[in-house]
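First up is the structure itself, then whatever we jot down about it.
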Amino acid sequence: MRHLITLADLTPVEIDRIFSITEDMKNKFQKGLREPLLPGRVMALLFEKQSLRTRVSFEAGMTHLGGSSLFLGPDVGFGRRESIADFGRTLSEYVDVIVVRANCHQTVVDLAEHCSCSVINGLTDFAHPCQAMADLYTIREVAGPLQGRTLAWIGDANNVVRSLAVGCGKVGIKLVMATPEKYRFDDQTLAWLKREVPDLELTVTADPVEAVGDALVVYTDVWASMGQESERKTRRRDFADYQVNARLMSHAQKGALFMHCLPARRGEEVTDEVIDGPTSIVVRQAANRMHAQKGILAWMLGAKA
Ligand code: CP
Ligand code: NVA
C-alpha cells in the first residue's frame, strides 16, 4: 500500500512508469476507449479548500477507470467531530483511496499515518504533488525528454513550486526561481530538498529577466495562495515586478512555453496576452491533471496497465 504525500514518495523509475501508464491511457481515451482498470474501487475526496481541477479531474478519471468517488466536504466534520486518527481508521475501512486537500500539510501526514488505504495529497500549504506530476507529464508530451531542460519559476516559493522542485530534481530539469528575498524557500525546505533530491540544480535570483533567459518553460502561480488572502494587498505590492507579461517573455527563448497551475489572477501574476498567447499550454496542463491522476490511481491501486 502506497501514499503520495509529496513527490519524495516516488522514485524516478516510478514517475516514469506512471507517465507510461498515463500516456497509454490518454492515447486510448483520445480514441474513445475508457478501460475500466479499477472496477468497484472507491475513492473519497476529502476537501477543506475549494477546488475545480483537482476535484473534477479525479472524479471524472475514477469514473473512466470503472470506479466511483465520494466527495466529502465540511459536513463530515473532518478535524472537528473526532480525532484525525479515528476519522482515518474508519474512512479507510470503506474506501480504497483518499484524496485529501487540507489547510495544513501535517493534517495529511497525520491522516495517512492512521489509514489502512492509500492517501493522495490533493494540495496542502506545503505541497501539490499531483499538479507537479501533470506538469512534468505535459512538458514531456509537448517538448520531449525532460533531462537537462530548464524551468523558470517567477513568483512565490509556494506549494506548487516546492513540488515542482522535487519533480525537477527527480527527472533532471534545472529550476531557476525569480522570487523576492522575503518569499523564497525557507531553510527547512532547502534542507528537505537537499535530502530528497540532492541532484536538483536550483538557482535563485531576484531578477525575472535573468531567470527566463535559458528557460524552456516559464511558470507562475498566484501571489497569494489559498489561506493567504489577508496578505493579498502586501503581496501585490511585493510581487509587482514579477508579473509574467509580453515584455518578460521577450527575454525568454523564442517559443518558450508558458505554464500556470490555475486558477490565475489575470492582470496580477500574468497578463491575458501571455496566458492566452500562442505558447501558453495552461489548458493542456489542466487537461493532463486528469490523465496523470488516472495514471497515479492505476499504478497505486495495482491495476495492470
Ligand atoms: N490547479 C489546481 O489544483 O486547481 P484547483 O484548485 O481548481 O483544484
Ligand atoms: N498556490 C495555489 C495553488 C492552487 C492550485 C494555492 O495554494 O492556492
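Along the sequence shown, residues are numbered consecutively beginning with 1. Atoms within each ligand, like the ligands themselves, are counted from 1 in listed order.
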For ligand 1, which is the ligand I care about here, please tell me if P263 has any N or O atom under 3.5 Å from one of the ligand's N or O atoms.
no

Which of the numbered atoms in ligand 1 are below 4.0 angstrom from a heavy atom of R101?
3 (O), 5 (P), 6 (O), 8 (O)

Among non-hydrogen protein atoms, atom 7 (O) of ligand 2 lies closest to N159 ND2, 2.8 Å

Which protein heavy atom lies closest to atom 7 (O) of ligand 1, and at what distance to 0.1 Å?
L52 N, 2.7 Å

Check whether any N or O atom of L123, backbone or side chain, sits under 3.5 Å from an N or O atom of ligand 1, and answer yes or no.
no

Is the shortest N/O to N/O distance between C261 and ligand 1 below 3.5 Å?
yes

Salt bridge R266-D276, side-chain N to carboxylate O under 4.0 Å:
yes

Non-hydrogen side-chain atoms of F185 and T179 separated by less than 4.5 Å:
no

Is there a side-chain contact between L65 and M25 in this structure, where contact means two heavy atoms from C-beta onward sitting under 4.5 Å apart?
yes

For residues T124 and R101, is any side-chain donor paired with an opposing acceptor at under 3.5 Å?
no

For T54, is at least one N or O under 3.5 Å away from an N or O on ligand 1?
yes

Do H128 and ligand 2 have an N or O pair less than 3.5 Å apart?
no

Please say whether more than 12 non-hydrogen atoms of neighbouring residues, nucleotides or ligands are located less than 6.0 Å from CD in E229.
yes

For H128, the atoms of ligand 1 under 4.0 Å from one of its heavy atoms are 2 (C), 3 (O)

Indicate whether the side chain of Q285 and that of Y219 have a donor and an acceptor atom separated by less than 3.5 Å.
yes

In ligand 2, the atoms that come under 4.0 Å of a heavy atom of M226 are 6 (C), 7 (O), 8 (O)

Counting only heavy atoms, which portion of L123 has something under 4.0 Å from ligand 2: side chain, backbone, both, or neither?
side chain

Would you say K49 touches ligand 1, if touching means a heavy atom closer than 4.0 Å?
no

May I ask you to decide whether R2 forms a salt bridge with E14, counting only side-chain N to carboxylate O separations under 4.0 Å?
yes

Do me a favour and list the nearest non-hydrogen protein atom to atom 3 (C) of ligand 2 with residue, atom name and distance?
D221 OD2, 3.6 Å

Evaluate the side-chain proximity of L297 to I120: yes if any heavy-atom separation is below 4.5 Å, no if none is.
yes

Does D156 approach ligand 2 within less than 4.0 angstrom via side chain, backbone, both or neither, non-hydrogen atoms only?
neither

Counting only heavy atoms not in D186 (residues, nucleotides, ligands), do more than 12 fall under 6.0 Å from its CG?
yes

Any L262 heavy atom less than 4.0 Å from ligand 2
yes

